[in-house]
Enquirer: 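Pasting a structure here, questions to come.
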Protein chains: 2
Amino acid sequence: MLRAAISLADRDGIESLSMRNLGGKLGVKAMSLYNHVRNKEDMLDGMIDVIFSEIDLPPSGVDWRTAMRQRAISAHRVLLRHPWANGLMESRTSPGPANLRHHDAVLGSLRGAGFSVEVAARAYSILDSYVYGFTLTESTLPFSNSEEAKEVAGNLLEGFRPGEYPHLAEMAVDRAMKPGYSYGDEFDYGLDLILDGILRARSDDTKR
Amino acid sequence: MLRAAISLADRDGIESLSMRNLGGKLGVKAMSLYNHVRNKEDMLDGMIDVIFSEIDLPPSGVDWRTAMRQRAISAHRVLLRHPWANGLMESRTSPGPANLRHHDAVLGSLRGAGFSVEVAARAYSILDSYVYGFTLTESTLPFSNSEEAKEVAGNLLEGFRPGEYPHLAEMAVDRAMKPGYSYGDEFDYGLDLILDGILRARSDDTKR
DNA sequence: ACCTGAACACCGTTCAAGT
DNA sequence: ACCTGAACACCGTTCAAGT
């Protein structure tokens, strides 16, 4: 049932995931679903925990930077596959086992690499903020490839008075509308910049 | 009308902002609202543009780092005031004038400080990802001060088998439950780490 | 130019009744 | 243990009719 709900949300968006709708997909009336979950909120809790289980845990046996990098890339990929989940991942009042397990493993990976509790917490917070924020923008952007960007940006630019938004125009022409441009490709750049920062924060901390 | 809709969303959450509800607050039936907006989506477009107008533009006459820092802090504060807006800021297919103006000013501030188009775009993307992602977690966290954290974390910990999530437990006891702890206070730390990274990226770029 | 009643096609959820 | 019809209190939106 959670599986069916997730694939429905993936295909049609979270706004068309209704109990009646989901019942229809499962060949059952909406009210039957209440035999399996307390209410819709409860069902969302379950769905989010499945999403957490899809994200790779940080691998062991590699340095912390590689482990954090791989985990962030995996989280990014999973969230792109389930964009509706993005805003819900950290808002569960009753987090499920996969959620807890995931957070415990990431913190454990950092602590095991010699991070203090304080710096581990901060590093995790920055990394996750970046992953969630980047993916949020990426998956709600009104275009996803340079073709669509050209279309959208072109229409916008036509409506501008000349020189009204010069820097936006420059950005559109020089980057977004260039063939082969994809906003998603920029993910790694920011991730590495942040990992560099964390490396530095860690040295400062252990030297102290 | 946009004002009324915003204050309703601020108070009761976006999920209780209905046309009937908003009509009620304005002493009018729901259908009357359609004389002022095409539909609810159109109204949300307008609301988001008001939110953009509340964020300070990067100040001029200061170095880029101070300007970016102040702008990010202002955006963070505004998004905390209107948490429902967070996920909608970058998803408007038809961005309003305040939205365009804001993005143009930020890019202009960076370009004026000597950033290349490429590095300006990346810097802006990382900063905004961080602001949106951090605020998303912050405002959906099931607790906001150390008292509530103690409550929530305490309840969670009781449900664990001993040693099941050791690093989560450590984090809860050593940080979240400590008096005076507030997740929101961590915002500046990550912001400065990212600004350091951008400073370094900029030097590499101009040296090239 | 603005407002409204009636209507349509939807929601989540409860409850008593069925197998 | 699971399913369902009927019902309740809601949605967004259209449209013809009113001032």
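Residue numbering restarts at 1 for every chain, and letters A, B, ... go by the order of the sequence lines. Remember, it's a predicted structure, so these values are computed and weren't measured experimentally.
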Enquirer: Measure NZ/A:Lys29 against P/C:dC11 and give the value in whole Å, please.
Expert: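 Distance, rounded to whole Å: 13 Å.
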Enquirer: Calculate the interatomic distance between B:Tyr34 atom OH and C:dC8 atom P; express it in whole Å.
Expert: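 So the two atoms are 17 Å apart, to the nearest Å.
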Enquirer: Select from A:Met31 and A:Ser16 the residue whose nearest nucleotide in DNA chain C is closer to the 5' end of that strand.
Expert: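 With A:Met31 and A:Ser16 compared, the 5'-side residue is A:Ser16.
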Enquirer: Across all strands, who's sitting opposite D:dA16 as a Watson-Crick or G-U wobble pair, both distances under 3.5 Å?
Expert: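 WC or wobble partner is C:dT4.
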Enquirer: Whether B:Asn21 contacts D:dC11 is assessed here as follows: a side-chain N or O lying under 4.0 Å from the phosphate OP1 or OP2. Is that the case?
Expert: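 It does, given that an N or O in the side chain of B:Asn21 lies less than 4.0 Å from OP1 or OP2 of D:dC11.
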Enquirer: In whole angstrom, give the distance that lies between atom CG of A:Leu22 and atom P of C:dC11.
Expert: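 In whole Å, C:dC11 P and A:Leu22 CG are 11 Å from each other.
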Enquirer: Does the structure place the NZ or CZ of B:Arg202 under 6.0 Å from the centre of the six-membered ring of B:Phe115, at an angle of no more than 45° from the ring's axis?
Expert: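 Yes, a cation-pi geometry.
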Enquirer: Expressed in angstrom and rounded to an integer, what is the separation of A:Glu15 atom CD from D:dT13 atom P?
Expert: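 Atom CD in A:Glu15 sits about 13 Å away from atom P in D:dT13.
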Enquirer: Using Watson-Crick or G-U wobble geometry with both distances under 3.5 Å, which nucleotide pairs with C:dA9?
Expert: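 Across all strands, not a single nucleotide pairs with C:dA9.
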Enquirer: Measuring to OP1 and OP2 of D:dC11, would you say a side-chain N or O of B:Ser18 lies under 4.0 angstrom away?
Expert: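 Answer is yes, contact under 4.0 Å.
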Enquirer: Does a nitrogen or oxygen in the side chain of A:Asn39 sit under 4.0 Å from OP1 or OP2 of C:dT14?
Expert: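 For C:dT14, neither OP1 nor OP2 has a side-chain N or O of A:Asn39 closer than 4.0 Å.
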Enquirer: For atom CZ of B:Arg111, is the number of surrounding heavy atoms from other residues, nucleotides or ligands below 6.0 Å larger than 12?
Expert: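 Counting neighbours around CZ of B:Arg111, more than 12 heavy atoms of other residues, nucleotides or ligands fall under 6.0 Å, so yes.
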Enquirer: Nearest whole Å is fine: how far is D:dT13 P from B:Leu33 CG?
Expert: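 Atom-to-atom, B:Leu33 to D:dT13, this comes out as 11 Å.
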Enquirer: Using heavy-atom distances to pick each residue's nearest nucleotide on DNA chain D, tell me which of A:Arg20 and B:Met19 is more 5'.
Expert: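 Its nearest nucleotide lies further toward 5', so the answer is A:Arg20.
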Enquirer: Rounded to the Å, how far apart are A:Leu26 CG and D:dC2 P?
Expert: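 In whole Å, D:dC2 P lies 14 Å from A:Leu26 CG.
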Enquirer: Does the distance from a Lys or Arg side-chain N to an Asp or Glu carboxylate O, for B:Asp63 and B:Arg69, drop under 4.0 Å?
Expert: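 Judged by the 4.0 Å cut-off on N to carboxylate O distance, B:Asp63 and B:Arg69 do not form a salt bridge.
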Enquirer: Would a distance-only check, ignoring hydrogens and angles, find a side-chain to backbone donor-acceptor pair under 3.5 Å from A:Ser16 to A:Asp12?
Expert: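 Yes, A:Ser16 side chain to A:Asp12 backbone: donor-acceptor pair under 3.5 Å.
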Enquirer: Return the value, rounded to whole Å, for the distance between atom NZ of A:Lys40 and atom P of C:dT13.
Expert: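 For the pair A:Lys40 NZ and C:dT13 P, the rounded distance is 8 Å.
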Enquirer: Less than 6.0 Å separating the ring centroids of A:Tyr124 and A:His103?
Expert: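 Ring centroids of A:Tyr124 and A:His103 are less than 6.0 Å from each other.
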Enquirer: Rounded to whole angstrom units, what separation is found between the CG atom of B:Asp42 and the P atom of D:dT14?
Expert: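 Going from B:Asp42 (CG) to D:dT14 (P), I get 12 Å.
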